[in-house]
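Data first, discussion second: the structure below is written as structure tokens.
Every value quoted in this text rests on a predicted model; they were computed, and no experiment measured them. For ligands, and for the atoms within them, numbers begin at 1 and follow the listed sequence.
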Amino acid sequence: MSVVGFDLGFQSCYVAVARAGGIETVANEYSDRCTPSFVSFRPKNRSVGAAAKSEVVSNCKNTVQGFKRFHGRAISDPYVQSVKSSLVYDLAEMPSGATGIKVMYMEEEKVFSIEQISAMLLTKLKETAENALKKPVNDCVISVPSFFTDIERRSVMDAAQIAGLNCLRLMNETTAVTLAYGIYKQDLPAPEEKPRNVVFVDLGHSNFQVSVCAFNKGKLKILATAFDSALGGKEFDEVLVSHFCEVFGQKYKLDPRTKPRALVRLYQECEKLKRLMSANCSDLPLNIECFMNDVDVTGKMNRAQFEEMSAGLLSRVEAPLQSVLEQAKLKKEDIYAVEIVGGASRMPAIKERISKFFGKELSTTLNADEAVARGCALQCAILSPAFKVREFCISDVVPFPISLKWSSAVEEGLGDCEVFPKNHAAPFSKVLTFYRKEAFPLEAYYSDPKGLPHPNATIGHFVVQKVVPQASGECSKVKVKVRVNVHGVFSVSSASLVELLKPEGEEPMDTDHNDKNKMQVDQEEQKAAGDVTGDATPEGDDMTDGTGQNQASTEESKQEKKAEQPSQAKKPKVKTKTVELPIEHKPEWQLSNDTLNLFVENEGNMIMQDKLEKERNDAKNNVEEYVYEMRDKLHGRLEKFVSPADRDSFSSKLEATENWLYEDGEDQLKQVYIDKLAELKQLGQPIMERYMEAEEAPKAFADLGKQIQMYMKLVGAYKAKDEQYAHLDELEMTRVEKQVGDAMAWMSDKMNQQSKQDPTKEPAVRVFEVQARTKELYTSCNPVVSKPKPKVELPKEEQTANGPVNGQPEAEEAGEGTPATVDAEQEPTDSAKLFSRPVASSPSCSSENVFRSNRSFFSVFLFLFLPKT
Ligand code: ATP
Ligand code: MG
């Protein structure tokens with residue numbers, strides 16, 4: 001199971017993974033931890049991330065960026081319409097009415113849904129995680145803005161599915177940040193103490209999000225969230241772009257808005273200038289060469305001017321800050337710290353305003369760019385059984401009030417009830433009780449459309465099916481469970497019909513309800529709602545502890561049990577039977593299963609196409625590289641190893657191939673390049689091999705020579721009756737002497753032949769032959785000479801006094817010339833490897849090795865993660 005967190009940002013994405021040792025933000029193929037949210041389409045493939053961003057000028061019409069907020073939006077949506085004119089690429093309407101993106105891909109005009117585009121980005125991020133973890137990635141946690149509505153969340157979930165990801169949780173960006181902040185804190189107040197309230201501010205490229213969170217030891221509870229969904233770094237870029245459009249209009253009579261490429265370059269330069277102004281308050285230049293009509297443009301700006309021009313945007317910073325305090329009923333003094341993240345939070349004017357509002361220094365303890373991804377990875381680790389993480393309960397909130405509408409009994413008409421008020425804890429389930437005789441529809445919607453950053457307040461339509469009256473013909477009691485799940489998505493998750501089984505001789509007790517045709521909500525709300533009664537059992541702390549899906553089923557069964565209790569207590573004599581009812585769900589705009597499957601298949605095909613194209617390009621590059629490499633070397637280090645005639649013909653072949661690459665060979669199949677390379681290598685390889693042989697032969701001979709010398713020395717010492725070797729077998733030592741002599745004769749013969757050989761011809765002896773000879777000598781001689789000395793039994797006291805057996809210090813035992821056993825796997829080629837210290841016992845059994853082999857196991861558990869307190 002993979003533990004991965006993805007921050008799917010408007011401008012850039014980050015990937016964090018859990019590895020033994022902690023959470024790590026991982027780098028992409030460019031060794032960059034930031035992957036730009038760009039997807040580019042070409043005639044033969046797609047490119048995503050940094051490669052796509054680099055095409056934003058050259059292939060601007062087919063390079064898609066800034067699409068995060070199109071999730072769950074119709075093409076007619078006011079937001080989509082408002083940004084449409086500033087996009088360089090084209091939008092198109094999907095058959096469902098949703099926003100699609102029109103590009104040229106594979107030399108055809110194609111319209112991709114926003115889910116497909118995000119899936120392409122996720123595929124890239126998935127690959128980055130897979131490369132880092134060196135294993136397939138499926139399970140993950142993905143971030144979304146806390147203000148994303150149901151429809152937007154479901155759209156992101158679909159994108160994850162298209163990318164082959166199993167999203168364990170869609171996590172609100174600021175909640176991910178709170179987790180990344182809180183889980184490491186060792187000094188949080190105890191659960192029974194007053195919580196520590198911290199405000200988190202995230203100013204990204206497209207939005208401004210604020211949340212206030214109450215921390216206690218082992219838990220975080222989001223109290224409230226607020227946002228400005230149209231205040232982000234890009235709005236500040238827009239200020240600069242508008243300014244310079246005006247300046248260049250006056251100064252050079254140019255209108256960049258009429259030329260997409262020029263406009264894209266202007267946006268890039270303005271963003272750079274904005275970043276520079278954060279660190280510098282003097283005048284800074286903006287220069288673009290050949291901007292439009294071959295005209296170079298230049299302008300300048302300083303921070304004070306920029307802040308003045310951005311006064312309108314800056315004045316919007318306070319409202320969300322004020323809002324979270326009011327919602328959470330907290331005063332500024334109640335706030336322990338204000339932590340800021342998000343790239344645009346680096347702007348001094350922004351920091352100043354936030355700091356002034358709270359009357360305190362801002363805290364920047366988290367990595368402003370990576371905190372969201374790290375929080376998501378932490379959440380994934382919490383959800384994963386593969387990691388042991390300190391227990392930490394995460395309780396989020398429902399950002400917008402959710403109501404249910406239903407058509408009710410004939411006499412009552414429409415019914416309506418707010419089931420989840422704003423800032424209600426999430427994830428959370430409630431059980432509602434209805435009295436019905438037949439299938440009935442429920443419509444879920446956001447009940448405060450004005451506070452919603454989306455024009456569509458509808459969440460979905462649900463029909464509770466197969467409802468039948470009681471045997472008596474009266475209404476049946478139907479329990480409906482509604483839920484905001486870990487993704488922040490609302491659903492009518494289950495429904496059951498409570499059938500009253502009439503005990504013999506007794507009347508059913510539930511008659512007070514049977515003449516009604518109403519809905520009951522939870523008991524607390526019952527009084528306020530008048531006629532509405534029922535059971536609503538919160539999923540409790542457990543459901544908000546971040547264990548999410550893993551616990552859902554058990555919690556649900558618990559829930560059902562609890563729900564049953566009140567009625568049983570009141571009417572002990574009435575037996576009931578519960579029948580599960582099917583629910584038909586018509587979400588507002590969800591991709592159908594068929595469409596989703598088609599998109600999954602298409603994504604797979606596109607991945608395959610990208611892979612094939614990459615392989616084809618690699619094959620072409622290999623030919624090109626070989627041509628350049630050999631051309632250089634033929635007149636350099638390989639010159640000695642090729643005859644002049646061969647060199648000339650090979651050189652002209654290389655030149656012809658180079659020309660071919662720019663002409664007919666420009667766009668060929670992969671196999672054509674592979675064959676071309678093989679053709680060249682047929683000529684080049686023998687030269688290369690002769691060169692390699694000449695390079696490596698001296699070392700091979702030196703190794704053999706060293707070994708011969710060593711055995712000769714040993715044989716000499718043995719013959720001189722050196723006591724050290726007295727235990728060696730005479731016959732065997734004679735054999736060793738002969739083998740050493742043979743090896744020496746072989747070596748000098750081969751060296752002699754080789755020295756006379758023309759270097760442009762095959763060598764007299766190959767390196768591998770010399771190495772084989774060295775190995776052979778070792779294999780036959782080493783067991784003889786390394787036979788251990790027989791042990792001498794010493795009196796006990798002497799043994800203890802002198803340490804190791806034989807009374808010799810260990811260092812001496814390992815000294816040169818002392819026979820010793822050699823590890824069977826060792827294949828020494830020099831004297832240093834020839835003798836090694838005796839091994840007391842099998843290495844894998846030593847206590848040190850047991851510790852070592854378990855080290856990776858231990859580190860998983862040490863993994864940040866903390867002793868359980
Ligand atoms: P979002 O959170 O809206 O989905 P994102 O996560 O991609 O977007 P971030 O990466 O947090 O956004 O921030 C990007 C924004 O931060 C850009 O507008 C960028 O210009 C801005 N930014 C980054 N560094 C600086 C800086 N030093 N000064 C000013 N702005 C900066
Ligand atoms: Mg962000």
Side-chain angles (χ1 to χ4, degrees), residues 5-16 25 32-38 49-50 53 65-71 79 83 118 121-122 125 142-148 152 156 159 170-178 180 200-211 225 227-241 266-281 284 301-303 306-307 310 313-314 317 320 339-354 364 366-376 453:
F6 295 122
D7 170 10
L8 205 54
F10 189 96
Q11 188 186 49
S12 41
C13 303
Y14 290 83
V15 179
T25 315
D32 194 348
R33 295 204 290 259
C34 161
T35 297
S37 308
F38 286 67
K53 190 176 178 185
Q65 56 163 313
F67 47 85
K68 175 170 168 176
R69 298 287 294 283
F70 295 151
H71 275 286
Y79 168 79
V83 296
S118 281
L121 183 56
L122 283 168
L125 304 179
I142 301 174
S143 69
V144 287
S146 58
F147 56 79
F148 256 27
E152 292 165 293
V156 176
L170 272 189
M171 194 169 200
N172 290 336
E173 288 164 1
T174 41
T175 308
V177 177
T178 57
F200 293 87
V201 180
D202 178 357
L203 186 59
H205 192 54
S206 65
N207 62 60
F208 181 51
Q209 295 177 66
V210 186
S211 74
T225 60
F227 60 91
D228 185 332
S229 61
L231 178 65
K234 72 182 171 66
E235 273 65 40
F236 290 88
D237 295 347
E238 200 63 60
V239 167
L240 292 174
V241 168
L266 185 59
Y267 269 103
Q268 284 182 336
E269 293 305 316
C270 285
E271 201 216 335
K272 276 189 215 156
L273 178 66
K274 176 188 73 176
R275 290 179 187 234
L276 285 173
M277 283 191 289
S278 292
N280 212 315
C281 44
L284 294 170
M301 167 81 62
N302 63 40
R303 193 197 289 169
F306 177 45
E307 288 176 2
S310 315
L313 295 175
L314 292 170
V317 168
E339 180 78 26
I340 54 165
V341 294
S345 71
R346 295 190 177 99
M347 281 191 284
I350 295 283
K351 287 198 270 198
E352 239 169 63
R353 274 165 200 258
I354 302 172
T364 50
L366 295 171
N367 181 317
D369 298 313
E370 299 169 14
V372 173
R374 297 174 75 87
C376 289

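Side-chain contact check for Asn367 versus Thr25: every heavy-atom pair is 4.5 Å or farther apart. Residues Glu271 and Lys274 form a side-chain contact, since some pair of their non-hydrogen atoms from C-beta on lies under 4.5 Å apart. Contact annotation: the side chain of Phe227 never approaches that of Asn207 to less than 4.5 Å [non-hydrogen atoms, C-beta and beyond].
Every residue was checked against the ring pair (Phe, Tyr, Trp, His ring centres under 6.0 Å) condition with Phe67, not counting sequence neighbours, and none meets it.
Close approach of ligand 1 to Lys274 (heavy-atom distance below 4.0 Å) involves ligand atoms 17 (C), 18 (O), 19 (C), 20 (O), 21 (C), 30 (N). Taking a cut-off of under 4.0 Å to the non-hydrogen atoms of Gly342, the atoms of ligand 1 that pass are 11 (O). Applying the 4.0 Å criterion to heavy atoms of Glu271 picks out, from ligand 1, the atoms 17 (C), 19 (C), 20 (O). Those atoms of ligand 1 with a heavy atom of Lys68 less than 4.0 angstrom away are 1 (P), 4 (O). Within the listing of ligand 1, atoms 3 (O) sit less than 4.0 angstrom from a heavy atom of Asn207. Atoms of ligand 1 found under 4.0 Å from any heavy atom of Met347 (numbered from 1 in listed order, with element): 29 (C). Ligand 1 places these atoms under 4.0 Å from at least one heavy atom of Gly233: 18 (O). Residue contact check: Ser278 has heavy atoms under 4.0 Å from atoms 26 (C), 27 (N), 28 (N), 29 (C) of ligand 1.
Closest protein heavy atom to atom 7 (O) of ligand 1: Gln11 N, 2.8 Å. Among all protein heavy atoms, the one lying closest to atom 10 (O) of ligand 1 is Ser12 OG, 3.5 Å. Among all protein heavy atoms, the one lying closest to atom 17 (C) of ligand 1 is His205 ND1, 3.1 Å. Among protein heavy atoms, the minimum distance from atom 24 (N) of ligand 1 is reached at Arg346 NH1, 3.3 Å. Looking from atom 6 (O) of ligand 1 to the surrounding protein, the closest heavy atom is Gly9 CA, 3.8 Å.
Nearest-heavy-atom check against atom 3 (O) of ligand 1 across Gly204, Ser206, Cys270, Gly343 picks out Ser206.
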Worked check of side chain to side chain contact (heavy atoms under 4.5 Å, CB included) between Met301 and Leu276: CA-CA 11 Å; Met301 167 81 62; Leu276 285 173; over 6 Å; no

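The aromatic rings of His205 and Phe10 sit tilted relative to each other, their planes meeting at an angle between 30° and 60°.
Panel note: side chain Arg69, backbone Ser229; a donor-acceptor pair is recorded below 3.5 Å. Of the possible donor and acceptor atoms, none in the side chain of Glu235 sits under 3.5 Å from a partner among the backbone N and O of Leu313.
Salt bridge Glu238/Lys234: absent, no basic N to carboxylate O contact under 4.0 Å. Under the 4.0 Å criterion applied to side-chain N and carboxylate O atoms, Arg303 and Glu352 are not assigned as salt-bridge partners.
Using a non-hydrogen distance threshold of 4.0 Å, Gly232 does not register as a contact of ligand 1.
Here the closest heavy-atom approach between residue Glu307 and residue Ala349 is recorded as OE2-CB, 3.4 Å.
Considering backbone and side-chain atoms alike, Phe10 places an N or O below 3.5 Å from some N or O of ligand 1. For ligand 1, the polar-atom distance check against Asp202 finds no nitrogen or oxygen pair separated by under 3.5 Å.
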